[in-house]
Amino acid sequence: MTAAQPGRDAEPAEVPRLEPNAPVVRRIAQQETPVLIVNDLSKTYADGTEALAGIDLKVRQGEIVALIGGSGCGKTTLLRLIAGLDQASRGAVQVDGETIRGPHPAVGVVFQEPRLLPWLDVAGNVGFGLADLRRAERRARVAAALERVGLAEQSHRWPRDLSGGQQQRVAIARAFVAGPRVLLLDEPFSALDAFTRKGLHEQLLDLWAEAKPTILIVTHDVGEAVTLADRVVVMRPRPGRLDETVAVEVARPRAPAAAGYEEAVRRVLAALDRSLRPVETRRDLTPEGRANWW
Amino acid sequence: MSHRGPLLRQGYRVGLALLLPLVLAIGWELAVDSGAAPGRLLPPPSRIGATLWDLARSGDLRLHVEATLVRVGLGFLFGAVAGIVAGALVATVPLLRWLVDPSLQALRAVPSLAWVPLFILWFGILETPKVLLIAVGVFFPVYVAVSGAIASVDRKLIEVGRIFRLSRLALARRILLPAVLPATLVGLRTGLGLGFLFVVAAELMGASEGLGYLLVDGQQFSKPDQIVAAIIAFALVGKLADMVLVSLTLPLTRWQDTVRDRL
């Protein structure tokens, strides 16, 4: 399975390594076992559409990785495969060394829409995944999570009475309260206004800081990616592949004025720009279209 | 008008709703009273009221209402249970859907009264064909509502259940059931309404008691006041049964304001 081993040695000598990414590559290489390993993951639909081709990705404990790219580059497909909601055509996903064959207790998901159950109140929705716990413990955990996202006062309201931002906060609390090792977020803030989104970024990082789950977040928004992520992975369409990776080395909490922030945004934008060019003109890619940074 | 309390506003609306029948009733009463109208085929409200009162005092009304309610109740119970079970099975088992649903849809197109002669041949004219006819009437709206509701449950909510690794049973109990409840209740209400429709047909085919019997009896002995009294009793009993069903099920759909509007 040569495809499973993105060949560092097989790489043609004349293609230069992308220097900006070298620290990330080294850091990941040094790490013993990443929490999330995606290995040669591919998805071809029944009609022959190739949605994803040969995705390789390793994410370490507590790292936040943003997946960014234009529409149709398979970001959501990738997330659904990792979540175990769809079956891959080839390749595998491992979480903590366990191969994903379906939804897994260690993997939490926040969808693009809140997907709250309309017949449960806010507390019922947050505690939905905790049915196995004793009532008192479930209540305590739900209350703590709601406190975290600033909805402690709303615990008995119906989802329909909440704003879009509040609903998404409930969805985030529902995912966090189950204590996932890996949390997948699929453009969770795309439907919200900029102001609400900023508040949610802070609350998400707040929640993350507690148990430091590994986070994989799909986004369209470069600012969002740079604000949240340690690493921004750019994807390329038709078929969906990983392209360049930009390490974001900006101290937290991050704000647009922070040192290095604008530089990171510029680099992500440049990488996005390159990802739209035809593969043949790319010197930084192998002939099969694999990113060379690995 | 916006400063009025909700109670006052509701009273106002009830008053408006009663205005038209009251005006018509008083007008007819006066017309018959003054000799402008004969009142033989359509008796004035006072005579209908007197007939109703006589029926109630003699205990006959209670007897007839009870007989009708028992038939509707049994027919509704059988029809609703069968409709829910069949709807759930057909919506969740594809093979059954392809096998059974086309036939059921064809049967649904048969006007239920067309069954009457057959049921009489099969079961005679006692209680069985009556209850069965009502059950058939109740079955179809419930079946259509339940199977349609299950088929249209939001796939995205099912995925939430999958993410939390619910078993098939838990998925049915915690997501499917609450999701289909509102549409099911609407189907049950329609079914109950049809139950009252068919109890009349059932009692017209031969009965010695029941509100439908009062209708037949009134026709045969030229007692229009008794016919109208039975019609009024039907309206009251049907409305009451509907209100009971709604108030029993309202707590289950508290979360959905659109259902409350529809009910």
Side-chain angles (χ1 to χ4, degrees), chain A residues 76 79-87 95 100-133 138 156-162 167 170-180 182-186, chain B residues 6 84 87-88 91-92 94 145-146 148-189 245-263:
Chain A
T76 297
L79 231 56
R80 291 181 61 86
L81 291 176
I82 298 174
L85 287 172
D86 291 333
Q87 292 293 315
V95 170
I100 295 290
R101 297 180 203 288
H104 191 278
V107 181
V109 182
V110 177
F111 296 97
Q112 194 166 358
E113 329 77 25
R115 298 198 188 185
L116 303 182
L117 304 173
W119 52 84
L120 295 178
D121 63 6
V122 166
N125 267 289
V126 173
F128 186 77
L130 305 178
D132 298 340
L133 293 187
R138 184 168 69 228
H156 292 298
R157 294 181 69 187
W158 299 113
R160 64 172 147 91
D161 295 332
L162 302 180
Q167 290 186 16
V170 174
I172 290 172
R174 174 174 70 185
F176 266 100
V177 84
V182 174
L183 187 61
L184 309 171
L185 297 102
D186 186 3
Chain B
I84 289 171
T92 48
V146 170
I150 293 179
S152 61
V153 170
D154 191 352
R155 185 189 54 85
K156 292 177 171 175
L157 295 185
I158 304 275
E159 260 177 18
V160 172
R162 287 185 59 204
I163 283 294
F164 287 108
R165 297 171 317 289
L166 298 188
S167 65
R168 279 181 73 90
L169 193 70
L171 200 69
R173 187 176 61 81
R174 298 184 64 195
I175 293 188
L176 277 179
L177 187 66
V180 303
L181 207 54
T184 304
L185 295 181
V186 172
L188 285 176
R189 270 190 93 194
L245 183 68
V246 169
S247 60
L248 282 180
T249 53
L250 207 55
L252 299 174
T253 53
R254 221 161 14 112
W255 52 275
Q256 215 198 23
D257 41 5
T258 53
V259 166
R260 212 171 324 168
D261 293 342
R262 252 186 285 156
L263 288 184

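Everything numeric in this text was worked out from a predicted model, so none of it was measured. Proteins get letters first, then strands, A, B, ... in listed order; numbering begins at 1 in each.
- With a 4.5 Å cut-off on non-hydrogen atoms, A/Arg157 does not touch chain B at all.
- Using modelled atom types, no side-chain atom of B/Arg162 and backbone atom of A/Pro103 make a donor-acceptor pair closer than 3.5 Å.
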For side-chain contact (heavy atoms from CB on, under 4.5 Å), just list the numbers for A/Phe111 and B/Ile163, CA-CA rounded to whole Å, side-chain angles, deciding distance to a tenth of an Å, and then say yes or no.
CA-CA 11 Å; A/Phe111 296 97; B/Ile163 283 294; 3.9 Å; yes
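- For a residue to count as touching a neighbouring chain, one of its non-hydrogen atoms must lie under 4.5 Å from one of that chain's; by this rule B/Ala179 touches chain A with backbone and side chain alike.
- Residue B/Leu169 qualifies as open at atom CG: its count of foreign heavy atoms under 6.0 Å is 12 or below.
- A/Pro159 does not touch chain B: none of its heavy atoms, backbone or side chain, sits under 4.5 Å away.
- With a 4.5 Å cut-off on side-chain heavy atoms, B/Leu157 and A/Pro118 count as touching.
- In plain terms, the two heavy atoms of A/Arg115 and B/Lys156 that are nearest each other are NH1-O, 3.2 Å.
- Considering every non-hydrogen atom in both A/Gly129 and B/Phe164, the closest pair reads CA-CD2, 3.4 Å.
- For a residue to count as touching a neighbouring chain, one of its non-hydrogen atoms must lie under 4.5 Å from one of that chain's; by this rule A/Trp119 touches chain B with backbone and side chain alike.
- Neither the backbone nor the side chain of A/Leu130 comes within less than 4.5 Å of any heavy atom of chain B.
- Contacts between B/Ile175 and chain A at a heavy-atom distance below 4.5 Å involve backbone atoms as well as side-chain atoms.
- A/Arg174 places a side-chain heavy atom less than 4.5 Å from the side chain of B/Val160.
- Side chain of B/Arg165 to backbone of A/Gly102: no donor-acceptor contact under 3.5 angstrom is found.
- Of all non-hydrogen atoms in B/Gly161 and A/Phe128, the two that sit nearest each other are CA-CE2, 4.4 Å.
- Note: A/Leu85 CG to B/Ile158 CD1 = 12.5 Å, rounded to the nearest 0.5 Å.
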